[in-house]
Each structure stands twice: as structure tokens, then as C-alpha cells.
Amino acid sequence: MAPSVFDDIRPYYSEEINAAMCRIADSDAFPLLASFVYPGNEVGDVRNLVRSFTNIRDFQHEVMFKMNEQVITRSTDGLTVSGLEKLSKDKRYLFISNHRDIVLDSSLLQYLLVKNGFETTEITFGANLMQGELVIDIGKSNKMFKVARPSGNVKDFYKASQHLSDYIRHAITEKKESVWIAQRNGRTKDGDDKTDQGIIKMFCMSHPSNKIEALAELNIVPVSVSYEWESCDILKTLELYVSKHTKYVKKPGEDLNSILTGIVQQKGRVNISVCDPITEQELRQFSDLTNNDYHRSVAQLITRRIQSAYELYPNNYIAHDMLYGNETFKNRYTEEQKADFLHHIEKLEQYEELDGEALLEILLGIYANPVRNRNGMLHSSSSL
């Protein structure tokens with residue numbers, strides 16, 4: 001294989017898969033992984049199966065698909081999807097998604113794509129998570145590519161952004177692979193899904209001569225992921241609480257804990273909505289804007305699609321009524337559902353040393369913000 005300018009971030013090539021499979025099969029964690037994905041099977045049989053894979057498709061269809069099946073069966077009350085009919089199996093897309101769970105947001109989308117006869121996407125994965133041989137092998141065998149987040153000077157940040165932009169365009173237009181990316185760096189911790197205009201600016205960096213073409217040829221499709229029980233909601237509440245009082249510093253292993261919590265935590269119903277693709281005609285309505293205003297306008301367009309497609313569950317309405325001290329949405333939930341929610345938020349009581357009211361306000365906000373965003377859009381549209 002000839003060296004590539006993208007070797008530092010790209011997923012594995014098919015020629016690299018079998019060696020990676022053998023390393024995964026020989027890892028100390030393999031028995032635990034095998035028991036989750038293939039319950040009831042002998043570890044030796046699963047090990048031999050994994051060692052036999054020689055391409056990405058087999059690994060994704062045989063292992064990752066079954067892993068997602070186990071997640072759905074064990075920790076959800078069902079996964080629903082809408083909007084797949086808006087996609088063509090012959091086109092490649094840039095899926096821009098809200099980001100609630102480190103792994104499952106993109107992983108469950110891959111499951112649905114495979115189940116419905118589409119090709120999987122390449123997936124952005126933060127460099128802070130792409131650590132350790134086992135995680136790297138699983139990630140890069142699953143079409144994940146590394147997103148560097150340099151904390152140094154502006155020059156380093158610009159260089160990393162340019163490199164990422166070049167790779168995403170290369171993947172879609174030359175490799176003919178779709179790509180999944182979150183609408184902002186990191187997960188949405190407070191339930192307020194907003195697209196960072198810096199992400200849009202980054203996409204345009206690899207085609208600076210024409211800002212309309214730069215985005216049009218990427219075939220942007222917003223995606224909205226909703227969990228009835230917010231992934232890692234207690235952990236997110238604690239992080240937001242600490243962040244309000246001091247600079248939040250992640251503990252060693254915290255990201256891995258969030259990954260595992262998100263996988264095993266009961267999530268209730270989960271929905272993925274594939275929104276209307278962003279068309280060239282829509283982009284052209286912003287053609288007279290400055291670059292900065294163009295990036296902002298496109299980001300706002302994507303945000304509106306994601307927020308309007310977010311599946312609102314009883315928990316969201318309960319939290320909104322509790323947060324604002326009214327019963328505006330009392331017809332959207334039952335007393336039993338409210339009792340379940342109240343029981344769930346009792347978990348905050350174990351943190352006696354912290355301000356309980358502040359914690360509760362943060363947790364309620366995580367669930368209530370999607371309702372507030374939907375209502376805000378309804379009010380703004382009715383005033384036009």
C-alpha cells in the first residue's frame with residue numbers, strides 16, 4: 001500500500017483488517033466482548049470467527065451489526081427510524097447529527113443503514129477516544145477516522161481543521177464513502193442541540209473557491225437522534241454542575257466509563273430521524289452573505305432540521321413542566337410516567353455534598369430543552 005497523506009487519521013484499508021482481527025481476538029478483553037456480542041457461544045468459536053474476517057464489510061455485518069442488536073434488545077424498548085426514503089442508495093452523504101451518546105448515535109445509524117440495504121458510513125472519532133490498541137483496532141476496522149483536537153496555537157488548530165476538511169471531501173467525492181459527523185465538538189450535555197458554525201466553516205476549507213459548491217457536493221443530511229432516557233444523564237448533570245463552579249477536568253478513564261454506561265444503561269425508546277437533505281437551492285439563498293454569515297445561516301438551517309425532527313417523549317414534557325412550574329403539557333404524559341421520571345431523578349440524592357436544587361435544575365434542563373427549542377420554532381414561524 002502506497003503511503004497516503006491521510007494515513008494519520010484514516011480508517012483501516014481492507015488489506016489491514018485480518019491482522020487487526022487477529023489482534024482483537026488475542027486481546028485480554030476478548031472473552032468479555034465475545035460474551036456480549038455472541039451470548040451462549042464458546043469463546044474459542046467466536047475467536048476463530050473473528051480471525052477469519054478479511055474485510056471491513058464482514059466485520060461490520062457480522063460483529064458490529066450483532067453488537068447493535070444486543071444493545072437494542074438489552075437496553076432499549078425499541079429503535080425506530082424515519083426518513084430513510086429520502087436517501088438514494090447510489091449517492092454518498094455527509095450525515096450531520098446531534099450527539100447524545102459517544103458511540104451509539106453513529107453506531108445505531110449504521111445498524112439501520114445495513115438493515116435497510118444502504119452502505120455504512122465512515123465515522124468521526126475524537127483523538128482523545130482513539131487510544132489503546134484494542135480501541136484503535138475496533139474503531140479503524142469500523143470505518144472510524146480520527147479527529148484531532150489540538151489545544152495548542154491557532155496555527156495547529158487551522159492545520160488540523162484543513163486536514164479534516166480535506167479528508168471528508170476525499171472520502172465522499174473520491175472514495176465514494178458517506179461520512180457521519182456530530183453537529184459540534186463533543187456531546188450535547190444540556191439537551192440543547194445546536195450546530196456549530198465552525199463545523200460548517202471547516203467543511204468549506206477544502207473548497208475555498210466556491211462556498212455553495214463546497215457544501216452542495218457533500219450532500220449534507222441532518223440527522224436527529226432521540227433517547228427516551230437520556231444517555232449518561234446523571235454523569236452529564238454532574239459534569240455541567242462542576243463546570244459552573246470551576247474548570248471541568250476529565251478523570252482518567254472517564255470517556256470509557258461514559259461509553260460503557262451509554263451502552264448498558266436503559267434507554268427506553270430510541271428514535272433516529274433522517275431529515276430532508278440540504279439542497280443546493282437552499283444554499284444559494286445565502287449566496288450573497290459574507291462567508292461568516294453564510295456559515296452561520298447554514299448551521300442554523302441544520303439546527304432547525306435536527307431540533308424539529310427530535311422525537312419528544314413523555315420525559316421531555318414532564319421535565320419541562322417541572323422546570324417551569326406549570327402543567328402546560330400534562331396531556332402528554334400519564335401520572336405513572338411522571339412517577340417513573342420522579343423515581344429516576346431520585347438518583348441525584350446520593351450526591352448530598354452538592355447543591356440538590358442546582359443539580360435538579362440541570363437534569364430537568366437536559367430533558368426540557370428539546371421541548372423549549374420546538375416551541376421556540378413554532379412561535380417564531382407563527383410570527384412570520
Side-chain angles (χ1 to χ4, degrees), residues 36 39 65-84 97-112 115 182 187-193 223-240 257-275 306-323 328-350 359-360 362-374:
F36 183 86
F65 187 85
K66 286 183 169 57
M67 186 278 287
N68 282 298
E69 281 187 327
Q70 290 298 325
V71 170
I72 294 164
T73 299
R74 297 187 191 194
S75 68
T76 79
D77 292 330
L79 171 66
T80 54
V81 63
S82 64
L84 286 176
S97 171
N98 63 332
H99 193 23
R100 298 302 188 90
D101 184 272
I102 293 177
V103 168
L104 294 182
D105 297 343
S106 58
S107 189
L108 292 174
L109 175 63
Q110 308 310 307
Y111 169 84
L112 291 168
K115 191 175 181 181
R187 291 171 294 158
T188 299
K189 307 292 198 314
D190 59 3
D192 190 10
D193 299 310
V223 175
S224 191
V225 187
S226 320
Y227 297 91
E228 185 170 16
W229 295 99
E230 174 74 12
S231 176
C232 302
D233 55 358
I234 302 298
L235 296 177
K236 290 175 180 176
T237 298
L238 294 173
E239 180 176 338
L240 289 171
N257 181 46
S258 292
I259 290 173
L260 296 176
T261 300
I263 289 173
V264 303
Q265 173 187 330
Q266 293 301 310
K267 289 168 279 292
R269 291 170 287 178
V270 182
N271 180 74
I272 294 181
S273 294
V274 177
C275 307
I306 290 173
Q307 290 181 353
S308 63
Y310 192 93
E311 185 78 12
L312 295 173
Y313 295 107
N315 289 341
N316 302 110
Y317 293 114
I318 293 166
H320 193 278
D321 280 358
M322 289 181 64
L323 185 62
T328 303
F329 298 105
K330 65 179 181 179
N331 63 330
R332 302 292 187 112
Y333 53 85
T334 65
E335 287 301 315
E336 183 181 1
Q337 288 168 333
K338 185 172 182 179
D340 287 342
F341 186 76
L342 290 172
H343 177 68
H344 176 72
I345 64 179
E346 285 176 0
K347 294 176 183 177
L348 293 176
E349 293 176 4
Q350 64 186 293
L359 286 175
L360 178 59
I362 292 170
L363 182 56
L364 291 177
I366 291 173
Y367 285 95
N369 276 332
V371 180
R372 181 179 59 81
N373 287 333
R374 181 74 59 82

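Note that the coordinates shown come from a computational prediction; the quantities given were computed from them, not determined experimentally. Computed over heavy atoms, backbone and side chain alike; hydrogens, waters and symmetry mates excluded.
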- Sorted by chain and residue number, the side chain to side chain contact (heavy atoms under 4.5 Å, CB included) partners of T80 (sequence neighbours excluded) come out as N271
- Note on the structure: Of N316, N315, D321, the one forming a side chain to side chain donor-acceptor pair (under 3.5 Å) with Y333 is D321
- Is the closest basic N to carboxylate O distance between R372 and D192 below 4.0 Å? yes
- Heavy-atom side-chain proximity of E239 to C232 below 4.5 angstrom: no
- Message: Please determine whether the number of non-hydrogen atoms from other residues, nucleotides or ligands lying under 6.0 Å from atom CD of Q350 exceeds 12.
- Response: yes
- Item | Sub-4.5 Å side-chain heavy-atom contact between Y367 and L363 | yes
- Query: Heavy-atom count around E346 CD within 6.0 Å, excluding the residue itself: above 12?
  - Reply: yes
- Message: Suppose we screen for side chain to side chain contact (heavy atoms under 4.5 Å, CB included). Which residues come up paired with T73, at least two apart in sequence or across chains?
- Response: none
- Message: I'd like to check Q307 versus R374 (side-chain heavy atoms, cut-off strictly below 4.5 Å). Are they in contact?
- Response: no
- Give a yes or no on whether the backbone of R269 and the side-chain of E228 come within a donor-acceptor separation of less than 3.5 Å. yes
- Query: Going by heavy atoms in the side chains, are N98 and V223 under 4.5 Å from each other?
  - Reply: no
- Note on the structure: Across all chains, not counting sequence neighbours, the ring-ring contact (aromatic ring centres under 6.0 Å, His included) partners of Y313 are none
- Query: Just one of L79, I72, L104 clears the side chain to side chain contact (heavy atoms under 4.5 Å, CB included) bar with K267, so which one?
  - Reply: L104
- Rounded to the nearest 0.5 Å, the CG atom of L360 sits from the OG1 atom of T237 at a distance of 9.0 Å
- Only counting residues at least two apart or in another chain, list the ones meeting ring-ring contact (aromatic ring centres under 6.0 Å, His included) with F329. Y317, H320
- Hits for ring-ring contact (aromatic ring centres under 6.0 Å, His included) against F65, two or more places apart or cross-chain, chain-then-number order -> Y111
- Side chain of Q110, backbone of S106: donor and acceptor closer than 3.5 Å? yes
- Please examine the side chains of I102 and R187, heavy atoms only from C-beta on, and report whether any two atoms are closer than 4.5 Å. yes
- Can you sort out the partners of T188 under side chain to side chain contact (heavy atoms under 4.5 Å, CB included), two or more places apart, ordered by chain and number? R100, Q183, R184, D190, D193
